[in-house]
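Read through the structure below, which is laid out as structure tokens, and then see the notes.
For the single chain, residues carry numbers from 1 onward in sequence order. Note that ligands are numbered from 1 as they come in the structure, with each ligand's atoms numbered from 1 the same way.
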Amino acid sequence: MGVGLIKCLFNSEQINRTDMEKTADVIIIGGGIIGVSIAYHLALKKAGRIILLEKGQLGEGSTSRCVGGIRTQFSTEINILFSLESIKTFERFEEEFGIHPEFKRIGYLFLATTEPEMGVFRENIELQRKFDIPVEMLNPDEIKARWSYLRVDDILGGTFCPRDGYAGPNEVLSGFASGAKRAGVRLYEGAEVIGISITRGKVRGVKTRTEEISAPMVVNAGGPFASSIGEMAGVKIPVKPIRRQIFVTAPFHLTDQTIPLTIDFHRGWYFRQETSGLLLSGPLDSEPSFNLNVDYESMAEASENAMYRVPLLERARIANGWAGLYEISPDHHAILGKVPEVEGFILANGFSGHGFQHSPAVGKVIAELMTDGRAQSIDITPLSIERFKKGELILEPMTAFKE
Ligand SMILES: Cc1cc2nc3c(=O)[nH]c(=O)nc-3n(C[C@H](O)[C@H](O)[C@H](O)COP(=O)(O)OP(=O)(O)OC[C@H]3O[C@@H](n4cnc5c(N)ncnc54)[C@H](O)[C@@H]3O)c2cc1C
């Protein structure tokens, strides 16, 4: 597995526009992990002629910059349901797609340093156990005994779930894309959508820079660009692009033990093994932008957090870094489903940093919604865009952790 700016394994030579169709039953805008999962699941449900349009290359957006984290330790029921449904797919991925997803169950360890954080962890664990998630509450001595390299003198406690881990965004994207293509989906790269045609409140199709394609259903899977795609249909989608930087050290041997994905909740910092080095999270911007630069100050902050929590990392050297965009919604939960004002316009947006791990379930529920009229696997009504108008935002106990 690898992360960061790695090209999709999917054979893009087979994607060309020489014989692009003029009509379809469904058009998906965006070829990231969400778009390809929806394409695959729609094809499984025989949803007719499906076209996916990607402005650049498949996966070139947030998906290729994602660190692949998969966890069940969420603080809301709806996110836990999406995790449990998605993990079923990650577990049987190779069987279904013929590609190893590199799913590594190293566990997620959350560390708390304040009483309010401990309160949140206790609430979370109570919720998670209702779903039979095998999560443990650990005291500082237990944490030190298991992961001796961690500084614990300021730690009040932590939670650990061994079933959590990470997988390869590149591999999973390729699995969905190849599966969709085998099932007849047409995937086009270099096909930027610049307009959505609507008459009398109904979707009629899309315009790219070179083509017009008619279709009664259009899916917005534009990741951090969700809001500009929404504008094409006259719909305000409250999704903002927020930069997260990531750094990787040169090869560094920290321990022979398995290193879980470890989150210093207070500092909003995390790290995990990445091949022979360590992957360190950099800061999350406070203001929205499409900036993808990596800066020295952020590298210094990532190093400082690393040396504080893992003093041995003083000897490590940062060798690589990249930045990507989260697609943040106002309550840090996805925006899924129909738009009441525009018939045929379907949203799969606002994953707020969890879109990779929830992509299998998102594809499944959106396909159910579009073909059966209702998402059966998970009730997605709480994730409707209407919640913002109605003031029914999904509340979390404290600012949620984001990979
Ligand atoms: C640094 C970082 C780490 C992350 N780590 C994790 C993690 O550990 N676990 C996790 O679950 N998630 C993680 N995420 C979040 C995850 O990457 C995203 O939630 C997920 O990739 C969203 O997928 P997407 O398909 O919606 O968006 P994208 O992958 O961005 O795909 C959207 C696509 O739409 C295309 N597009 C946009 N506009 C148009 C248009 N007009 N016409 C045609 N195409 C268009 C874009 O080119 C892009 O390829 C991380 C994100 C970042 C930045």
Would you say Val67 and ligand 1 have an N/O pair spaced under 3.5 Å apart? yes
Does the residue Glu327 have a heavy-atom contact with ligand 1, meaning some pair of atoms that are separated by less than 4.0 Å? yes
Considering both backbone and side-chain atoms of Gly324, is one of its nitrogen or oxygen atoms within less than 3.5 Å of a nitrogen or oxygen in ligand 1? no
Considering non-hydrogen atoms of the protein only, which is the closest contact for atom 21 (O) of ligand 1, and what is the distance? Thr63 OG1, 3.0 Å
Taking only non-hydrogen atoms of Ile229 and a 4.0 Å limit, the atoms of ligand 1 in range are 38 (N), 39 (C)
Of all the non-hydrogen atoms in the protein, which one sits nearest to atom 17 (O) of ligand 1, and at what distance? Cys66 CB, 3.2 Å
Which of the numbered atoms in ligand 1 are below 4.0 angstrom from a heavy atom of Ala191? 43 (C)
Side chain, backbone, both or neither: Leu53 near ligand 1, heavy atoms under 4.0 Å: backbone
Would you call the rings of Phe121 and Phe110 parallel, tilted or perpendicular, taking 30° and 60° as the class edges? perpendicular
Atoms in ligand 1 with a heavy atom of Gly68 nearer than 4.0 Å: 7 (C), 8 (O)
Let me confirm one number: the CG-NZ distance from Leu42 to Lys364, rounded to the nearest 0.5 Å. 13.5 Å
Trp322 to ligand 1: N or O pair under 3.5 Å? no
Return the closest protein heavy atom for atom 50 (C) of ligand 1 as residue, atom name and distance. Tyr326 CE2, 3.5 Å
Flag, side chain of Gln273 to backbone of Thr275, donor-acceptor distance under 3.5 Å: yes
Of all the atoms in ligand 1, which lie at a distance below 4.0 Å from a heavy atom belonging to Gly61? 29 (O), 30 (O), 49 (O)
Taking only heavy atoms of Phe356, which atoms of ligand 1 are found under 4.0 Å from at least one of them? 10 (C), 11 (O), 12 (N), 16 (C), 19 (O), 20 (C)
Mark yes or no for whether Ser37, through its side chain, and Ile34, through its backbone, hold a donor-acceptor pair below 3.5 Å. no
Relative to the ring of Phe93, is the ring of Phe176 parallel (under 30°), tilted (30 to 60°) or perpendicular (over 60°)? perpendicular
Closer than 3.5 angstrom, by distance alone: can the side chain of Lys338 be matched with the main-chain N or O of Gly344 as a donor-acceptor pair? no
Let's go through His332 and Tyr326 carefully: what are the C-alpha distance in whole Å and the side-chain angles of both, what is the deciding distance for ring pair (Phe, Tyr, Trp, His ring centres under 6.0 Å) to 0.1 Å, and is it a yes or a no? CA-CA 10 Å; His332 299 196; Tyr326 287 161; 9.5 Å; no
Nearest 0.5 Å please: distance from the CD atom of Glu327 over to the CD1 atom of Ile335. 10.0 Å
Give me the one residue out of Leu279, Leu278, Ile318 that meets side-chain contact (heavy atoms from CB on, under 4.5 Å) with Phe247. Ile318
Looking only at distances, can you tell me whether any N or O atom of Gly69, backbone or side chain, sits closer than 3.5 Å to an N or O atom of ligand 1? yes
Given side chains that start at C-beta, do those of Phe351 and Leu336 come closer than 4.5 Å, heavy atoms only? yes
If you measure every N or O of Ile33 against every N or O of ligand 1, does any of those distances drop under 3.5 Å? yes
Could you point out which residue of Leu284, Asp295, Leu292 forms a side-chain contact (heavy atoms from CB on, under 4.5 Å) with Gln245? Asp295
Closest non-hydrogen protein atom to atom 2 (C) of ligand 1, residue and atom name please, with distance? Arg65 O, 3.4 Å
What I'd like to find out is whether the side chain of Tyr308 reaches to under 4.5 Å of the side chain of Arg151, using heavy atoms alone. yes
Quick look: Ala221 vs ligand 1, heavy-atom contacts under 4.0 Å, and the answer is backbone
Atom 42 (N) of ligand 1 has as its nearest protein heavy atom Val193 N, 3.0 Å
Atoms of ligand 1, numbered as shown, that sit under 4.0 Å from any heavy atom of Gly223: 26 (O), 27 (O), 32 (C)
Are any of the N/O atoms in Ile34 less than 3.5 Å from those in ligand 1? yes
Would you please classify the geometry between the Tyr149 ring and the Phe271 ring as parallel, tilted or perpendicular, with 30° and 60° separating the classes? perpendicular
Taking atom 34 (O) of ligand 1 as the reference point, the nearest protein heavy atom with its distance: Gly30 CA, 3.2 Å
Residue-ligand contact Ser359/ligand 1, heavy atom below 4.0 Å: no
Can you check which of Gly353, Ser62, Gly56 brings a heavy atom nearest to atom 13 (C) of ligand 1? Gly353
Euclidean distance, Leu111 CG relative to Leu156 CG, rounded to 0.5 Å: 10.5 Å
Of all the atoms in ligand 1, which lie at a distance below 4.0 Å from a heavy atom belonging to Ile29? 40 (C), 42 (N), 43 (C)
Starting from atom 44 (N) of ligand 1, find the nearest protein heavy-atom neighbour and note its residue, name and distance. Lys55 N, 3.0 Å
State the atoms of ligand 1, each with its element, that fall below the 4.0 Å cut-off from a heavy-atom position in Pro224. 30 (O)
Could you go through His354 and Phe82, starting from their C-alpha distance and side-chain angles, then the distance that decides it, and tell me whether this counts as ring pair (Phe, Tyr, Trp, His ring centres under 6.0 Å)? CA-CA 10 Å; His354 314 135; Phe82 271 84; over 10 Å; no
Could you grab the distance from atom OG of Ser352 to atom CG of Asn79, nearest 0.5 Å is fine? 8.5 Å
Return the residue, atom name and 0.1 Å-rounded distance of the protein heavy atom closest to atom 35 (C) of ligand 1. Glu54 OE1, 3.2 Å
